[in-house]
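Only one structure is covered here, and it is reproduced in the block below.
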Amino acid sequence: MFRNGNKIYSGEEAVLRYYSSFYIINPLENGILEDVFFKRYFRIFFYCLQIIHESNLNVKQKQILADILSIETSDAELRIVFNSQAGDDLKLPLLNQYGFHERFKSLS
């Protein structure tokens, strides 16, 4: 939940509103990685992706699980992930391997 004045937002809209307001207050690109909410948000997202990657499933099964994660990640959330993790050489290959990078490129 995110409150802006008298309005209360939830779900994806709350994430997007918080992200937008975050940059009004703190425009430094890497500052978002220090924010408590976004640290947890990215940790959960990449933890799920890492579990998929390190599992004993075959390649097709891993891709199906990654596709489910992708379906649950909105286009706007994917932009936030890529904009915030652009310099991370450990996370970007995972995003590329499971099709997130191709999806991100198609949004631009």
Side-chain angles (χ1 to χ4, degrees):
M1 231 169 34
F2 174 69
R3 180 184 296 268
N4 187 2
N6 291 331
K7 290 200 170 201
I8 297 175
Y9 302 96
S10 62
E12 178 188 344
E13 189 173 12
V15 172
L16 298 177
R17 297 266 180 176
Y18 182 64
Y19 180 76
S20 295
S21 71
F22 184 86
Y23 278 104
I24 292 169
I25 296 167
N26 186 0
L28 296 175
E29 199 58 41
N30 63 355
I32 197 167
L33 299 176
E34 300 304 318
D35 179 73
V36 173
F37 170 79
F38 279 110
K39 279 172 83 168
R40 185 179 60 190
Y41 184 88
F42 296 135
R43 189 171 57 237
I44 291 168
F45 179 87
F46 284 104
Y47 183 70
C48 291
L49 200 52
Q50 193 68 36
I51 287 173
I52 293 166
H53 183 68
E54 292 177 357
S55 71
N56 291 327
L57 301 172
N58 65 43
V59 172
K60 185 176 180 177
Q61 292 168 323
K62 288 179 182 186
Q63 189 59 57
I64 289 169
L65 290 175
D67 289 346
I68 292 170
L69 180 59
S70 181
I71 289 167
E72 290 298 316
T73 305
S74 72
D75 291 348
E77 290 171 310
L78 190 60
R79 282 188 180 102
I80 292 170
V81 168
F82 269 89
N83 290 338
S84 303
Q85 305 297 319
D88 193 318
D89 293 337
L90 297 175
K91 294 175 180 168
L92 289 177
L94 280 176
L95 293 168
N96 190 40
Q97 181 173 349
Y98 292 105
F100 288 91
H101 188 253
E102 284 299 316
R103 182 175 156 212
F104 175 71
K105 286 192 324 188
S106 74
L107 299 176
S108 302

Point-to-point distance, once rounded to the nearest 0.5 Å, from CZ of Arg43 to CD of Gln50: 14.5 Å
Spacing of CZ belonging to Phe45 relative to CG belonging to Leu95, to within rounding of 0.5 Å: 5.5 Å
N/O donor-acceptor pair under 3.5 Å between Ser20 side chain and Leu16 backbone: yes
Separation between CD1 of Ile32 and CD1 of Ile80, rounded to the nearest 0.5 Å: 6.5 Å
Taking every non-hydrogen atom, the tightest pair across Gln85 and Lys91: OE1-CD, 3.4 Å
Separation of Lys62 NZ from Gln97 CD (nearest 0.5 Å): 7.5 Å
Geometric class of the Phe104/Phe82 ring pair [parallel <30°, tilted 30-60°, perpendicular >60°]: parallel
Side chain Lys39, main chain Glu34, donor-acceptor under 3.5 Å: no
In one Ile/Leu/Val/Met/Phe/Trp/Tyr side-chain cluster, 4.5 Å: Leu107, Leu92: yes
Minimum heavy-atom distance Asp88-Leu90, with the two atoms named: OD1-N, 2.9 Å
Heavy-atom neighbours of Asp89 CG exceed 12 at 6.0 Å: no
Identified side-chain contact (heavy atoms from CB on, under 4.5 Å) counterpart of Glu77 within the set Asp75, Thr73, Val81: Thr73
Approximate separation, where rounding is to 0.5 Å, of Gln63 CD and Asn58 CG: 11.0 Å
side-chain contact (heavy atoms from CB on, under 4.5 Å) assessment of Leu69 paired with Tyr98: CA-CA 10 Å; Leu69 180 59; Tyr98 292 105; over 6 Å; no
side-chain contact (heavy atoms from CB on, under 4.5 Å) between Ser84 and Phe38, worked out: CA-CA 10 Å; Ser84 303; Phe38 279 110; over 6 Å; no
side-chain contact (heavy atoms from CB on, under 4.5 Å) partner of Leu57, chosen from Leu65, Ile52, Ile64: Leu65
Ring center gap for Tyr18 and Tyr41 short of 6.0 angstrom: no
Closest non-hydrogen atom pair between Arg103 and Ser74, with its separation: NH2-C, 3.3 Å
Ile51 with Phe42, same ILVMFWY side-chain cluster at under 4.5 Å: no
